[in-house]
Visitor: 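Just passing along the structure, written as structure tokens.
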Amino acid sequence: MQEVFVMLNNNIKRMVNQANFWRALIVLGEIIIIWLIIYTHIEDSDDRYHFYMNTKTSMESIHNVKIDKYDGNLERHLTTEEQLARKHYSRWHLRKLFK
């Protein structure tokens, strides 16, 4: 009878260890998927930004004017407060992490 309990105890321990392994694997997979979703969203927004900047550059060369890349109006002299606000609100990108 004691052997049955020892055998059951060992099987239960093994099953719990396997369950913990699969739970950890699922959590790790979910973290990777969430990170990939965030990364692709950031890269997609980066592509839209570069498309806008290329269009802006083309419009500047065609019409011989300077366009402000922050708000799309004609470029003007900024106050120090406006420059600091723009710097503070600049978009963070993953590339900044590796620079």
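Computed from a predicted structure; not experimentally measured. All residue numbers in this chain count up from 1 along the given sequence.
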Visitor: So which atom in H77 and which in E82 form the shortest heavy-atom distance, rounded to 0.1 Å?
Guide: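 Between these two residues, the closest heavy atoms are O-OE1, 4.5 Å.
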Visitor: Under 4.5 Å between side-chain heavy atoms, counting indirect links through other Ile/Leu/Val/Met/Phe/Trp/Tyr residues: same cluster for I31 and I38 or not?
Guide: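 In one cluster with I31: I38, no.
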Visitor: Apart from L84 itself, what residues make up its hydrophobic cluster, given side-chain heavy atom links below 4.5 Å?
Guide: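 Answer for L84: none, a lone residue.
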Visitor: Can you check whether D44 reaches T40 side chain to side chain, under 4.5 Å on heavy atoms?
Guide: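 Heavy-atom side-chain distance check fails, nothing below 4.5 Å.
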Visitor: Which residue pairs satisfy the side chain to side chain donor-acceptor pair (under 3.5 Å) criterion with at least one member in residues 1-11, sequence neighbours excluded?
Guide: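 Applying side chain to side chain donor-acceptor pair (under 3.5 Å) to every pair that reaches into residues 1-11, excluding sequence neighbours, yields N11-R14.
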Visitor: Just jot down the side chain to side chain contact (heavy atoms under 4.5 Å, CB included) partners of E75, sequence neighbours excluded, or say none.
Guide: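 With sequence neighbours excluded, E75 shows a side chain to side chain contact (heavy atoms under 4.5 Å, CB included) to K66, given in chain and number order.
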Visitor: In a table with atom names and distances, give each donor-acceptor pair under 3.5 Å that connects a side chain of residues 56-64 to protein atoms at least two apart or in another chain.
Guide:
| from | atom 1 | to | atom 2 | distance (Å) |
| --- | --- | --- | --- | --- |
| K56 | NZ | E60 | OE2 | 2.8 |
| K56 | NZ | I67 | O | 3.4 |
| T57 | OG1 | M53 | O | 2.8 |
| S58 | OG | N54 | O | 3.0 |
| E60 | OE2 | I67 | N | 2.8 |
| S61 | OG | T57 | O | 3.4 |
| S61 | OG | S58 | O | 2.9 |

Visitor: Mark yes when over 12 heavy atoms from residues, nucleotides or ligands other than Q83 sit less than 6.0 Å from its CD; otherwise mark no.
Guide: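 Enclosed.
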Visitor: Hey, can you pull the donor-acceptor pairs under 3.5 Å for the side chains in residues 15-27, sequence neighbours left out?
Guide:
| from | atom 1 | to | atom 2 | distance (Å) |
| --- | --- | --- | --- | --- |
| N17 | ND2 | K13 | O | 3.4 |
| N20 | OD1 | R23 | NH1 | 3.2 |
| N20 | ND2 | V16 | O | 3.4 |

Visitor: Taking the hydrophobic residues Ile, Leu, Val, Met, Phe, Trp and Tyr, and joining any pair whose side-chain heavy atoms are under 4.5 Å apart, which ones share a cluster with I37?
Guide: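 I33, listed by chain and number.
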